[in-house]
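One structure is given below, encoded as structure tokens.
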Amino acid sequence: MSSPRIKLHKGDLPAGLTFGSSVAIDTETLGLKPHRDRLCLVQLSAGNNEAHLVQFDGSDWSAPRLKALLTDPAVVKIFHYGRFDIAVMQKWLGVRTGPVWCTKIASKLARTYTDRHGLKDLCSEILGVELSKQQQSSDWAAAELSQQQMAYAASDVLHLHALKARLEMMLEREGRLAAAEKAFAYLPERAMLDLAGFEDLDIFSH
Ligand code: MN
């Protein structure tokens with residue numbers, strides 16, 4: 001694959017940019033606690049080897065064009081472990097994202113022969129693409145992101161469309177596509193429960 005096109009935007013998507021019927025989304029934050037650690041970056045891709053990075057400086061969360069996309073019922077938002085990204089964007093942008101698709105949930109339902117469901121594992125096994133996780137825990141609040149940070153952030157959304165296509169075939173093959181779709185429909189509510197303090201409770205357990 002040729003090297004991806006990466007575009008950085010401050011505070012919101014540019015006017016006139018569209019992603020078609022499905023957009024891959026990931027976020028980078030200051031840490032893993034949505035109430036403490038602010039949103040720094042939202043990465044988006046149409047699955048066309050191009051990534052758009054929307055950088056937040058912590059002072060302006062208005063982002064009207066990004067929010068319109070996040071809540072557009074005609075555009076499926078593809079995540080890997082969307083539970084976290086959906087909660088973070090609810091907390092900092094104040095919008096409930098939907099409809100959603102999650103490659104991690106799909107992998108857990110389809111790939112029962114393994115317990116390796118990380119994005120790096122999926123890209124390696126299913127697509128033959130090796131991702132570097134080196135910049136994962138870097139300072140995402142930096143005013144100027146490094147080239148390495150931007151390349152890493154982009155790589156987290158560039159392959160989600162291809163993974164979704166392959167996982168959908170596997171779910172179909174195993175008769176679990178309907179179960180997966182119902183789990184995706186519930187996922188935004190699960191993220192809201194995390195924010196409400198239920199993050200460590202499995203409400204379905206005995
Ligand atoms: Mn990421």
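Scope of the values below: all heavy atoms of this structure, side chains included, with no hydrogens, waters or symmetry mates. Each ligand, and each atom within it, is numbered from 1 in the order the structure gives. Residue numbers run from 1 in the order of the sequence given. Computed from a predicted model, the values in this text were never measured in an experiment.
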Going by an N to O cut-off under 4.0 Å, is there a salt bridge joining Glu168 and Arg173? no

From the Mn ion (ligand 1), how many protein N/O/S atoms are found at a distance short of 2.8 Å? 3

Could you check whether the rings of Phe184 and Trp101 sit parallel, tilted or perpendicular, using 30° and 60° as the cut-offs? tilted

Hey, is the main chain of Asp139 close enough, under 3.5 Å, to the side chain of Gln149 for a donor-acceptor pair? yes

With sequence neighbours left out, the residues meeting side chain to side chain contact (heavy atoms under 4.5 Å, CB included) with Asp121 are Arg116

Residues in side chain to side chain contact (heavy atoms under 4.5 Å, CB included) contact with Lys104, at least two apart in sequence or another chain: His80, Tyr81, Cys102, Lys108, His117

side-chain hydrogen bond (donor to acceptor under 3.5 Å, both in side chains) partners of Asp85, counting only residues at least two apart: Thr27

